[in-house]
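Each remark here refers to the structure printed beneath this line.
Throughout, protein chains are lettered first and strands after them, A, B, ... in sequence-line order, and every chain is numbered starting at 1.
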Protein chains: 2
Amino acid sequence: MRSAAEGVGARPVDERRRTDLDRTARARIRDAAVARFGVDGFASTSVRAVAADAGVSAALVIHHFGSKDGLRAACDAHVLETIREGKLATMAGGAGLDTLAALRRLDDAAPVLRYLARVLVEPSPRVAALVDELVEDAVGYSAEGERTGLLRPSRDPRARAAVMIVWSLGALVLHEHVARLLGADLLDGADGIAAYSLPAAELLGEGVLTPAALAQVTALYERLGHAPGRAPSAPAAAPTGPGGEGAPPIPDETR
Amino acid sequence: MRSAAEGVGARPVDERRRTDLDRTARARIRDAAVARFGVDGFASTSVRAVAADAGVSAALVIHHFGSKDGLRAACDAHVLETIREGKLATMAGGAGLDTLAALRRLDDAAPVLRYLARVLVEPSPRVAALVDELVEDAVGYSAEGERTGLLRPSRDPRARAAVMIVWSLGALVLHEHVARLLGADLLDGADGIAAYSLPAAELLGEGVLTPAALAQVTALYERLGHAPGRAPSAPAAAPTGPGGEGAPPIPDETR
DNA sequence: ACGGGCACTGAACGTACGTTTAGATTACTG
DNA sequence: CAGTAATCTAAACGTACGTTCAGTGCCCGT
């Protein structure tokens with residue numbers, strides 16, 4: 001009893017041909033679930049709430065998706081496919097500055113991005129694979145950008161791409177803080193994004209650290225735990241592999 | 001039946017004086033809750049699971065904290081206070097590069113940071129206030145860095161500080177992806193952090209965009225939605241205020 | 001010594017959840 | 001047009017949850 005579709009018996013089943021397997025109520029349920037999961041999270045969303053949003057019974061949700069976890073898997077697949085579809089034109093405008101720029105141009109981008117922001121924080125092989133793809137793409141764009149003179153060369157292009165993707169996605173995950181701090185709604189269309197993109201571009205263009213500070217920080221972090229000539233970044237495939245490296249006794253004071 | 005403290009009747013109540021109000025079982029429950037909430041999330045963690053981890057009964061949790069939400073509030077307060085305590089020495093080493101460097105030097109930093117990474121993604125006035133404080137601190141450090149010649153000047157220092165804080169916290173929230181992509185565990189001590197900090201320092205030092213690309217991106221984002229002379233960033237105090245700015249009809253094509 | 005208060009427990013209560021079941025209605029096939 | 005499969009529902013089931021309750025033992029002031 002939430003939105004429209006009050007008449008449960010008189011369902012508008014023939015708004016599309018039902019020969020299309022992935023339309024009608026099934027798609028309605030899936031979309032409602034994506035929206036709900038994105039706003040409230042998976043654990044805090046009940047099957048009944050999704051069903052009510054979709055205008056169907058809770059039993060039908062189970063009938064179509066087997067279980068609540070099946071529904072989650074379907075949402076994952078749908079959202080990730082949607083993102084992969086829109087990924088093509090990515091980075092065309094911002095040259096690697098905005099990972100999901102193409103996505104936001106879609107009409108109903110907000111629920112998809114909100115869902116993505118949710119699933120990014122909890123472990124999921126599917127999401128990890130998508131992030132790895134984004135990094136791989138960014139590596140490619142980065143190489144091309146270097147060739148065309150838009151991007152500077154890097155000591156470790158893959159690591160640089162990974163950090164930029166993490167920053168981009170991190171800003172998406174923290175979109176509520178971005179909106180409060182800068183007035184930029186990263187889930188919405190290109191409206192207020194400039195308030196985030198302009199300082200980000202300044203950071204990514206001019207940098208913040210002066211050469212002296214950069215040398216200082218680099219020397220600091222190269223001294224501990226990371227030999228300069230060592231393999232600079234993982235091949236973006238291992239599940240959790242090289243992280244940790246045991247626990248060598250580190251000095252207490254780093255300064 | 002999980003870890004130690006199997007003997008429920010024989011509780012080690014006098015490991016500290018119980019005249020200390022905020023020690024003994026109450027602190028054990030709170031710490032167990034911080035750890036559990038950080039790993040599994042609030043909604044997916046049962047009061048009984050927290051009680052079992054702390055070696056007490058579920059009823060005692062309610063007795064001490066009133067309700068599960070009261071327990072959450074106590075965890076919020078404790079974690080945020082811990083972070084505020086360690087915040088002093090922040091940015092001493094990395095010059096604004098690493099927001100929570102001081103925190104990680106603590107012995108049991110991982111649960112606190114994991115909890116913070118969880119609560120950062122869901123709306124909370126308390127967490128928002130903390131983030132606002134971090135930005136405010138960063139503004140101060142940034143001004144000081146400019147004076148001492150470590151940091152470059154900015155067209156909008158507060159916006160730049162906000163973006164850097166968002167990136168730092170975003171990397172923390174996505175620590176699992178950072179670990180997989182770069183092999184750097186941001187929750188742990190200074191061990192593998194270099195694998196993240198080195199490319200981050202390169203980005204923040206030299207930048208990625210060439211001057212031509214920076215001018216291009218800046219011009220693009222200045223054209224839409226953001227007049228150059230306008231108030232550059234919110235005063236970092238309004239709860240959700242200036243974000244959105246209504247809904248002016250934006251042009252469909254942004255390129 | 002003793003009585004009040006506090007920490008703490010096992011058991012129970014009410015509820016909301018995911019899921020199952022049986023049946024109704026609809027759509028398609030021969 | 002009969003039969004069958006698919007779609008969909010209301011109701012019920014079992015469980016796990018947050019919380020309440022009544023009671024037990026221990027500590028501390030007098």
Side-chain angles (χ1 to χ4, degrees), chain A residues 1-2 4-33 36-37 40-75, chain B residues 1-2 4-33 36-37 40-75:
Chain A
M1 67 179 72
R2 175 145 266 265
E6 174 66 31
V8 186
R11 64 228 154 281
V13 121
D14 44 352
E15 58 184 86
R16 308 259 184 172
R17 305 290 310 160
R18 97 208 48 73
T19 57
D20 189 345
L21 234 288
D22 201 45
R23 268 288 162 222
T24 66
R26 195 173 200 275
R28 271 201 338 271
I29 295 170
R30 193 232 298 125
D31 291 346
R36 273 272 184 181
F37 290 160
D40 297 332
F42 178 75
S44 299
T45 299
S46 69
V47 171
R48 284 174 173 86
V50 172
D53 286 358
V56 300
S57 70
L60 189 63
V61 177
I62 303 297
H63 170 73
H64 274 305
F65 298 94
S67 68
K68 193 188 178 186
D69 263 302
L71 176 61
R72 190 228 293 258
C75 290
Chain B
M1 70 184 75
R2 175 145 267 265
E6 173 67 31
V8 185
R11 62 228 159 281
V13 121
D14 44 354
E15 59 182 87
R16 308 256 184 175
R17 303 291 311 160
R18 96 204 51 72
T19 57
D20 188 345
L21 234 291
D22 200 46
R23 267 289 161 220
T24 65
R26 194 173 200 273
R28 277 208 324 278
I29 294 170
R30 194 231 299 125
D31 291 346
R36 272 272 184 181
F37 290 161
D40 297 332
F42 178 75
S44 300
T45 299
S46 69
V47 172
R48 284 172 174 86
V50 172
D53 286 359
V56 299
S57 70
L60 189 62
V61 177
I62 302 298
H63 170 72
H64 275 305
F65 298 94
S67 67
K68 192 188 177 185
D69 264 301
L71 177 60
R72 192 229 294 257
C75 290

- Within this structure, what is the CG-to-P distance between A:L60 and D:dT9, rounded to whole angstrom? 5 Å
- Message: Between A:S67 and A:L71, does the side-chain contact (heavy atoms from CB on, under 4.5 Å) criterion hold? Intermediate values first, please.
- Response: CA-CA 6 Å; A:S67 68; A:L71 176 61; over 6 Å; no
- Rounded distance in Å - CZ (A:F65) to P (D:dT7): 12 Å
- Mind checking side chain to side chain contact (heavy atoms under 4.5 Å, CB included) for A:A74 and listing every partner two or more places apart, or none if nothing turns up? A:F65
- Return the value, rounded to whole Å, for the distance between atom NE2 of A:H64 and atom C1' of C:dT20. 17 Å
- Message: Check B:D31 with B:R28, please: is the shortest side-chain N to carboxylate O separation under 4.0 Å?
- Response: no
- Over all heavy atoms of both residues, which pair between A:R26 and A:H64 is shortest? Give the atoms and the distance, please. NH2-O, 3.5 Å
- Item | Contact summary for B:V56 and B:A25, nearest pair of heavy atoms | CG1-CB, 4.4 Å
- Using a 4.0 Å cut-off on protein heavy atoms (strictly under), produce a 5'-to-3' string for nucleotides 14-21 of chain D with B for base contact, S for backbone-only sugar-phosphate contact, and - for none. ---BBBBB
